[in-house]
Amino acid sequence: MARIIREMMARFLPVETRPSEAQPDASNPAFSVSRRTYPMYYGARRVPETMWLFDAVDVLAPVVTALGRNIALSLVAEHVPFPPSVRSALQARARSDGTALVEQAQRTFFDEPGLDTLVVQAACRAAMGLTALGRGYLHARIKLKLDPRGIAAETLPLVPRRGYESLMASYLAIGTAVGWFRGGRVHVRPVVKNGERIEGQESTRLNIRRLGAPHTLADMAADIDDLYWAKACGAAVKITAVGTGASRRWIVSVPGTDHADPQSTPNPADTETNVREMLGLPSAMRLGLVSAIHHAMRSEGVSERNLNREPVLIMGHSQGGVVGLALLERHPRQLNVRGVVTLGTPGRRLRVPRDVTVIAVEHDQDIVPSLDARPRRGTTDRIVIGRFLNRPRVGPLYYAHSSATYTETVELIERRAGVAPYGRTGRAVRFLSEFFAEEEDAHVVYIYEIWQDIVTCSAPAIEDSVDFLSDVLTPEDLPIPGFPSARSR
């Protein structure tokens, strides 16, 4: 059906005719020239972030069908009273089909850039429809005088109207109500300084190999890839102080999400941090990162009044990039962030001040940058650098979002900046390179661990967990929706 509609539409598209290079002689009938027609516009699939709706349905139909079959087979294997041998065979078949389905879905999204944005936007529209029903229900209770305590009137202004906020707010409210999100007080401790363990932290064993100061943007990206393998209880970040006195500057490398499981763990780089940052709420990872940088500054003799004046360069992968962009907020300014490099970060919704240099590196086949429901478009507040990848044999989406793959891309960016140093990208790379240590510059390298407590009290009711929406407008602290205790800065 979709193919037929495309063919019908192609008949009405303007075309241009390109004759061959040799001009025919009209008087010579033996000389014939074949004429080919070319559309005046590229097809929708040639442009990233765009696709015909019918094409999207055609592409997703096999994946959805296979998913339905796998779910049905799993339910049959679990609930139908088959003999043990038959049940084991069905369960093994379901697992095998599930693995094949994951690979099929990865290949589908990898081969169709832009399909991810359409799927996220469809989910946002569905969430907006559900919240519209909720707003209608609250309106009805108010109009029919069924709200004697005024709960509906207080809740109505807090319900988001836009689709993405509806999706994220619903996820945060439900995740808190069912007890998934239980992050508590945030803790920070320095573990390594200049390659040596800090006194009192001998029991902490981190599997970190890159302990030296970074000298290029590629070094920072490689440091992030190394931090993922730290095997720490919490999140490990690398903070480097370069220079002394008035020339001192700071370089910070921040990894991304540690796990996609909705359940909170001592590592604050979790799903709760992702949802909170997408809503503009302060997260445990953001507060912990600021505390770690301030602690390192105090250790180097920076006074309290200058903590938000020292120039800082942040590179973050995935969630780490979102946290870095969130720290650009000026009111109040916690850090003097002068440059940010994001790798595979869904940060298109966050604005960048004019006096900050931001480079956003996004692979064309990486679906994570599209998770904020904003399509890629030309922006003037940051430099967006893409790279088209060739599909590997297995795990294409993991390869597209891998920090190791982004390290290779950053190396290519620096090479291009060296060849064309006076372009926009070259000037930005040259400005950021001024943060790195020269041979005569002193430098100190810190490795910090950030972790959080897990709240053990019972989860609140879902209607009580909606109270967190009021903090989207004025996030004064890091609230725990519905819980009696509160996190502190």
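Residues V290 and L327 meet the side-chain proximity criterion, which asks for heavy atoms closer than 4.5 Å. Side-chain atoms of I251 and P214, non-hydrogen and from C-beta on, do get closer than 4.5 Å to each other. The shortest distance between side-chain heavy atoms of V192 and I208 does not fall below 4.5 Å. Annotation: side chain of V119 is in contact with side chain of L60 (closest heavy-atom distance under 4.5 Å). Counting heavy atoms from C-beta outward, L343 and S403 have side chains that stay 4.5 Å or more apart. Taking 4.5 Å as the limit, some side-chain heavy atom of P369 sits within range of a side-chain heavy atom of R348. Counting heavy atoms from C-beta on, the side chains of I367 and L397 come closer than 4.5 Å. Contact check for L350 versus V322: side-chain heavy atoms found under the 4.5 Å cut-off.
Applying the side chain to side chain contact (heavy atoms under 4.5 Å, CB included) test to E434 and every residue at least two apart in sequence or in another chain returns F431. With sequence neighbours left out, T425 forms a side chain to side chain contact (heavy atoms under 4.5 Å, CB included) with I383, I385, I413, R416, V429. Residues forming a side chain to side chain donor-acceptor pair (under 3.5 Å) with D111 (at least two apart in sequence, or on another chain): R391. For the side chain to side chain contact (heavy atoms under 4.5 Å, CB included) test, residues two or more places apart in sequence or in another chain that qualify with I293 are I239, V252, L289, M297, L335. With sequence neighbours left out, Y171 forms a ring pair (Phe, Tyr, Trp, His ring centres under 6.0 Å) with F181. Remark: H187 engages W451 in a ring pair (Phe, Tyr, Trp, His ring centres under 6.0 Å) (not counting sequence neighbours). Taking the side chain to side chain contact (heavy atoms under 4.5 Å, CB included) definition, one finds that L67 meets it with I71, L101, sequence neighbours left out.
Closest heavy-atom contact between P421 and G418: CD-O, 3.8 Å. Minimum interatomic distance between V340 and G324 (heavy atoms only, all atoms of both residues): CG2-O, 4.1 Å. Contact record, P255 with I224: CA-CG2, 3.8 Å, taken as the closest heavy-atom pair. Scanning all heavy atoms of the two residues, the minimum distance from H443 to N194 falls at O-OD1, 4.0 Å. Scanning all heavy atoms of the two residues, the minimum distance from E411 to A218 falls at CG-CB, 3.5 Å. The nearest pair of heavy atoms linking L211 to G195 is CD1-CA, 3.8 Å.
We find that E310 and R248 are joined by a salt bridge, their nearest charged nitrogen and carboxylate oxygen being less than 4.0 Å apart. Using a 4.0 Å cut-off between charged nitrogen and carboxylate oxygen, D219 and R210 count as a salt-bridge pair. With respect to the salt-bridge test (charged N to carboxylate O, under 4.0 angstrom), the residues E165 and R349 qualify. Ion pairing of R209 with D226 is present here, as a side-chain N (NZ or NE/NH1/NH2) and a carboxylate O approach within less than 4.0 Å. Using a 4.0 Å cut-off between a side-chain N of Lys or Arg and a carboxylate O of Asp or Glu, R107 and E112 do not qualify as a salt bridge.
The distance from the CG atom of D270 to the CE atom of M285 is 10.0 Å, given to the nearest 0.5 Å. One finds the OG1 atom of T357 at 11.0 Å from the CZ atom of R430 (value rounded to the nearest 0.5 Å). Taking CG of D116 as the start and CD of Q121 as the end, the distance is 9.5 Å to the nearest 0.5 Å. Rounding to the nearest 0.5 Å gives a distance of 4.0 Å between OG1 of T409 and CZ of R387. For the atom pair CZ of R286 and CG of L325, the computed distance is 10.5 Å after rounding to the nearest 0.5 Å. Separating the CG atom in L227 from the CG atom in N207 is a distance of 11.0 Å, to the nearest 0.5 Å.
Legend: side chain to side chain donor-acceptor pair (under 3.5 Å) pairs involving residues 293-302, not counting sequence neighbours, sorted by first then second residue: H295-Y448, R298-E304, E300-Y446. The ring-ring contact (aromatic ring centres under 6.0 Å, His included) contacts involving residues 267-288 comprise nothing, where partners must be two or more places apart or lie in separate chains. The salt bridge (charged side-chain N to carboxylate O under 4.0 Å, His left out) analysis of residues 314-324, with sequence neighbours excluded, yields no pairs. Each ring-ring contact (aromatic ring centres under 6.0 Å, His included) pair with one or both residues in residues 404-430, not counting sequence neighbours, appears once here: H317-Y406, H363-Y406. The side chain to side chain donor-acceptor pair (under 3.5 Å) pairs that include a residue from residues 393-402 are S318-H401, D366-H401, where partners are two or more places apart or lie in different chains.
The number of heavy-atom neighbours closer than 6.0 Å to CZ of R424, taken from other residues, nucleotides and ligands shown, is above 12.
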Point to revise | L313/R338 under side-chain contact (heavy atoms from CB on, under 4.5 Å): CA gap, chis, key distance, verdict | key: CA-CA 6 Å; L313 167 63; R338 309 306 305 162; over 6 Å; no

Point to revise | Worked check of side-chain contact (heavy atoms from CB on, under 4.5 Å) between W250 and V242 | key: CA-CA 6 Å; W250 298 84; V242 179; over 6 Å; no

Review point. Between N390 and F110, does a side-chain contact (heavy atoms from CB on, under 4.5 Å) hold up when you go through it step by step?
Key: CA-CA 9 Å; N390 295 322; F110 189 94; over 6 Å; no

Exercise for review: Apply side-chain contact (heavy atoms from CB on, under 4.5 Å) to T108 and L115, showing your working.
Suggested key: CA-CA 9 Å; T108 299; L115 181 62; 4.0 Å; yes

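Of the options R276, E272, E277, a side chain to side chain donor-acceptor pair (under 3.5 Å) to S283 is made by E277 and by none of the others.
In summary, the side chains of Q319 and N274 do present a donor paired with an acceptor at a separation below 3.5 Å, with no hydrogens or angles considered.
A donor-acceptor pair under 3.5 Å is formed between the side chain of R249 and the backbone N or O of F435. Q452 places no side-chain N or O within donor-acceptor distance of the main-chain N or O of P266, the cut-off being under 3.5 Å. A donor-acceptor pair is defined here as one N or O able to donate and one able to accept, closer than 3.5 Å; no such pair exists between the side chain of S370 and the backbone of T117. With hydrogens and angles disregarded, no donor-acceptor distance shorter than 3.5 Å links the side chain of T345 to the backbone of T342. Of the possible polar contacts, one joining the T131 side chain to the A127 backbone as a donor-acceptor pair under 3.5 Å is found. With hydrogens and angles disregarded, no donor-acceptor distance shorter than 3.5 Å links the side chain of D453 to the backbone of G184. Counting only distance, with no hydrogens or angles, the side chain of N267 and the backbone of G234 share a donor-acceptor pair below 3.5 Å. Using modelled atom types, one side-chain atom of K238 and one backbone atom of G212 make a donor-acceptor pair closer than 3.5 Å. In terms of modelled atom types and a separation under 3.5 Å, the side chain of E362 and the main chain of V384 share no donor-acceptor contact. Side-chain N or O atoms of N306 include none that pairs as donor or acceptor with a backbone N or O of S303 at under 3.5 Å.
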